[in-house]
Amino acid sequence: ITVGEWTKVFSVVPGQDIHAREIALNEAFHKHSNLEGVVHVVDYGYTTIRSSVAEQKLVESGVDSIQAVRDYNLQKELEEFRRVCDLIANACANGRGPKWIIIAVNKADLFLSDLAKAKGYYHPDGSGPFVETLNRLMARVGSNHLRCRVVPVCPKPRPYEWAGQKQTPSLETFDEPAKFMKNFALIMAEVSNGQ
């Protein structure tokens, strides 16, 4: 990512629960001697289920509306975040970093009218199980040692569909995704520079 003269190289860990994810997490948290920061991507429950078989099983088990799948996804997201928090805390305890974490709230185009609510769901000053987990991490490693920012992002607006229901993006202007991403890059640069 480049902003002006600031440039950083990032390693991307796959979001899916696959072997490549385990390898990438192990590399990031156990082999890097100086992990500078973590960008943890969440999506306020609008996770795309990539398998039609998995989708069908969920629908048959009662996850048959967008709200129901969001509830399911938010629980899975929380479980994964708890795991990442343990990795971060252990890396910090071993002197490998990171110094910052950015919670990137993806798919902001799907909940633009609830953006403040979504941000509060993830922000250290907000409330709920995700915030409790984040604040436990901050208490474990010390907020002076780990800075946190929560940033909405929207790289590719697209509808979200589940069980025959559809939620469409609600952007106000066509260039809003670019503005979200520019803001994200600027915040990345600030956090990386210790601000």
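Only this structure's heavy atoms are used, side chains among them; waters, hydrogens and symmetry mates stay out.
The closest side-chain heavy-atom distance from V84 to I88 is below 4.5 Å. Using a 4.5 Å heavy-atom threshold, the side chains of F130 and I103 count as touching. Residues L112 and F180 are in side-chain contact: their nearest non-hydrogen atoms beyond the backbone lie under 4.5 Å apart. The shortest side-chain heavy-atom distance between L110 and Y44 does not fall under the 4.5 Å cut-off. Side-chain atoms of H123 and V131, non-hydrogen and from C-beta on, never get closer than 4.5 Å to each other. Considering only heavy atoms from C-beta on, L171 comes within 4.5 Å of P177 through its side chain. Put simply, the side chain of C85 does not reach to within 4.5 Å of the side chain of L134, judged on heavy atoms. Residues L146 and R140 fail the side-chain proximity criterion, which asks for heavy atoms closer than 4.5 Å.
Counted by atom type alone, D71 and Q67 present one or more donor-acceptor pairs between their side chains at under 3.5 Å. Remark: the S192 side chain and the E36 side chain contain an N/O donor-acceptor pair separated by less than 3.5 Å.
Of all the heavy atoms in A104 and V39, the pair that sits closest is CB-CG1, 4.0 Å. Closest approach of Y46 and N73 over heavy atoms only: C-ND2, 4.5 Å. Closest approach of R158 and D109 over heavy atoms only: N-OD2, 3.4 Å. A163 and D64 make their closest contact through CB-O, 3.7 Å (heavy atoms, listed as atom of the first residue, atom of the second, distance). Considering all non-hydrogen atoms of both residues, G45 and Y122 come closest at N-OH, 4.4 Å.
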Test side-chain contact (heavy atoms from CB on, under 4.5 Å) on T48 and W162 and set out the steps.
CA-CA 9 Å; T48 301; W162 183 262; over 6 Å; no
Evaluate the side-chain contact (heavy atoms from CB on, under 4.5 Å) criterion for residues M138 and C148: first the C-alpha distance (whole Å), next the side-chain angles of each, then the deciding distance (0.1 Å), finally the verdict.
CA-CA 9 Å; M138 302 297 278; C148 178; 4.0 Å; yes
Worked check of side-chain contact (heavy atoms from CB on, under 4.5 Å) between F81 and H40
CA-CA 8 Å; F81 185 61; H40 186 76; 3.5 Å; yes
How far apart are the C-alpha atoms of E176 and C154, what are their side-chain angles, what is the distance that settles it, and do they pass the side-chain contact (heavy atoms from CB on, under 4.5 Å) test?
CA-CA 8 Å; E176 223 160 353; C154 170; over 6 Å; no
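Salt bridge status for D125 with K119: absent, with no side-chain N to carboxylate O gap under 4.0 Å.
The structure places CD1 of I49 at 14.0 Å from CD of E161, a figure rounded to the nearest 0.5 Å.
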